[in-house]
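Take a look at the structure set out below.
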Protein chains: 2
Amino acid sequence: MLSISPKSQNMRRTKEEAEQTRNAILEAAVDVFTEKGVARATLEQIAKAANVTRGAVYWHFKNKTDIFMALHDELHRPFIQDLVDGLENTGDDPLQSLKSYCIELITRLEDDLYLRRVLSLFLLKCDYTGSLQVCQERTIDARREKSEVLSKFFEKAQSRGTLSADLDPKTLTLALSCFIRGIAMEYLENPDSFSIREEAPKLFNVFFRKWN
Amino acid sequence: MLSISPKSQNMRRTKEEAEQTRNAILEAAVDVFTEKGVARATLEQIAKAANVTRGAVYWHFKNKTDIFMALHDELHRPFIQDLVDGLENTGDDPLQSLKSYCIELITRLEDDLYLRRVLSLFLLKCDYTGSLQVCQERTIDARREKSEVLSKFFEKAQSRGTLSADLDPKTLTLALSCFIRGIAMEYLENPDSFSIREEAPKLFNVFFRKWN
DNA sequence: TTTAAAATACATTCATGTATGTATGTTGTC
DNA sequence: GACAACATACATACATGAATGTATTTTAAA
């Protein structure tokens, strides 16, 4: 929703202003993508939403895929990284802090409207066929890293005796990943069907119940 | 992959044969949708894959959305109904039979290639914006029904004392729904990342662990 | 003969990409 | 520090292709 400075038409921008238009285009793209879906979204619509012409869009980006990938790089990747970083500083009770972190993470979906829009965009408003396929391939590394961090969590809990040794950390990691993803999708698809603030603690209580 | 009978070009079909071409178009649509994604799929591609021209396609269907909705009706809805039906006949141990059913259901994803393709189509290869929005709205009823059946399962388990009374059946239902969905998506997205046959029992062992 | 089940032909729309124009910022040079 | 030379940041105009929907025609079944 950043609108560029009200200079008269066709005036050359400074580097700063150019950066602003670039951001304006990206933000407009989030809006248009979310409303119309990535596939049906038009560069014309994006340009109009950003108060520029398609010329500006083509100056900053190669095409629609390029815009999507820029968004993916600037928003999706940092989100996962943020997630991994948050998991690094473990407390004295690994399972408990993991659970708290999951609840906190999911609860953000209800509070942070922008995060919700962006995540909804990447999870619901696009399909990763064709030219967008490379995007999800790029996140493979991030996902693997995330899995490894989670696994270490469970291993740590086992070594401290707070988690039964007959449970495979790999399985628990997979289970938790699926669980989180399912919750996110279910909520994003229909945010009014339940309150995350109320349900998230209950849900993860179920998941983390009686494992020791 | 049904190819129509090898009569010479442009021959009028009987009612049966017309029904065959309709099915051929639908099957071709599954293939093309899955490969290209619904949005990027072309009626020309679908027609070619079904060994007919676009004329035949437009004879049987109004447009691409109409094809998708036909597939949705003929494949997605029955799948959920099948799921609900399978849950109706409860054994003496509700939780145990529910767990078995979940494992069986998820395991079908590995065995039934066609099911995998279809589910992948509806979960991964399309976004429900624009004209496809009505499709998911139509499944709301089916989903609600599914949730009610699951809830009754947990209530039954509670009344038989095999499930702790302090767990809310509603929460458990939501949790299980999210869990199943997450597993399905994770597997469909990358079927080679893990073997469902091996992991499904473990995963649901985790979920259904020590609830009594 | 009529009509269902297509094939074929045609018109139109629409998004894309590119080419070009243009005014201004920027930078080196004297 | 003024000014030329160039680059940048767009807007505008245009060409193209591709997909769509419809109109017309063809063939054989009923």
Side-chain angles (χ1 to χ4, degrees), chain A residues 2-26 28-29 32-33 35-70 126 129-132, chain B residues 2-26 28-29 32-33 35-70 126 129-132:
Chain A
L2 274 178
S3 92
I4 55 182
S5 64
K7 292 187 175 178
S8 61
Q9 295 272 63
N10 210 12
M11 216 167 185
R12 204 211 150 186
R13 321 280 170 180
T14 76
K15 284 180 184 173
E16 285 181 19
E17 288 170 320
E19 188 65 19
Q20 278 185 23
T21 30
R22 197 190 118 99
N23 290 333
I25 291 169
L26 286 177
V32 177
F33 282 164
E35 279 168 41
K36 311 268 180 179
V38 173
R40 301 163 51 88
T42 286
L43 293 188
E44 174 70 31
Q45 297 168 336
I46 293 175
K48 200 161 286 179
N51 267 13
V52 293
T53 63
R54 270 173 52 243
V57 175
Y58 274 103
W59 173 258
H60 287 284
F61 304 97
K62 198 180 163 193
N63 49 32
K64 193 163 74 175
T65 303
D66 198 32
I67 298 179
F68 184 87
M69 287 173 64
C126 67
T129 54
S131 55
L132 268 54
Chain B
L2 274 178
S3 90
I4 54 183
S5 63
K7 292 186 175 178
S8 61
Q9 294 272 65
N10 209 12
M11 213 169 188
R12 198 201 160 198
R13 321 284 169 179
T14 77
K15 282 181 185 173
E16 283 181 20
E17 287 170 319
E19 186 65 19
Q20 277 185 24
T21 43
R22 197 190 119 99
N23 289 333
I25 291 169
L26 286 177
V32 178
F33 282 165
E35 278 168 42
K36 311 269 180 178
V38 173
R40 300 164 51 88
T42 286
L43 293 187
E44 174 70 30
Q45 296 169 336
I46 294 175
K48 199 161 285 180
N51 267 13
V52 292
T53 64
R54 269 173 53 242
V57 175
Y58 273 103
W59 174 258
H60 287 284
F61 304 97
K62 198 182 163 193
N63 49 32
K64 193 164 75 175
T65 303
D66 197 32
I67 297 179
F68 184 86
M69 288 173 64
C126 67
T129 55
S131 55
L132 268 55

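Heavy-atom basis, side chains included; hydrogens, waters and symmetry copies ignored. Order of the sequence lines sets the chain letters (A, B, ...), proteins ahead of strands, with each chain counted from 1.
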> In whole angstrom, what separates B:F61's CZ from D:dG21's P?
Replying inline: 14 Å
>> If you define the side chain from C-beta out and look only at heavy atoms, does anything of A:I67 sit under 4.5 Å from A:F33?
In response: yes
> Between C:dA5 and B:T21, is there an OP1 or OP2 to side-chain N/O distance shorter than 4.0 Å?
Replying inline: no
> Who are the side chain to side chain contact (heavy atoms under 4.5 Å, CB included) partners of A:S131, not counting sequence neighbours?
Replying inline: A:T65, B:R40
>> Just the rounded figure in Å: distance from C1' of D:dA9 to CD of A:Q20.
In response: 14 Å
> Quick one: side chain to side chain donor-acceptor pair (under 3.5 Å) partners of B:T42, sequence neighbours excluded?
Replying inline: none
>> Just to verify, what does A:R22 make a side chain to side chain donor-acceptor pair (under 3.5 Å) with, not counting sequence neighbours?
In response: A:E74
>> Whole angstroms only, please: what is the CG-C1' distance between A:N51 and D:dA11?
In response: 14 Å
> Roughly, in whole Å, what's the span from CD1 in A:I25 to C1' in D:dA9?
Replying inline: 11 Å
> For every nucleotide of nucleotides 12-17 of chain C, 5' to 3': is a protein heavy atom under 4.0 Å from its base (B), only from its sugar-phosphate (S), or from neither (-)?
Replying inline: ---SBB
>> From C-beta outward on A:A18, which listed nucleotide comes closest to its side chain: D:dA11, D:dA9, C:dA5?
In response: D:dA9
> Can you list the residues that meet the side chain to side chain donor-acceptor pair (under 3.5 Å) rule with A:T53, with sequence neighbours excluded?
Replying inline: none
> Restricting to pairs with a member in residues 43-56 of chain B, which pass salt bridge (charged side-chain N to carboxylate O under 4.0 Å, His left out), not counting sequence neighbours?
Replying inline: B:E44-B:K48
> How long is the line joining CH2 of B:W59 and C1' of C:dT8, in whole Å?
Replying inline: 16 Å
> Between A:H60 and D:dA9, does any side-chain N or O lie under 4.0 Å from OP1 or OP2?
Replying inline: no
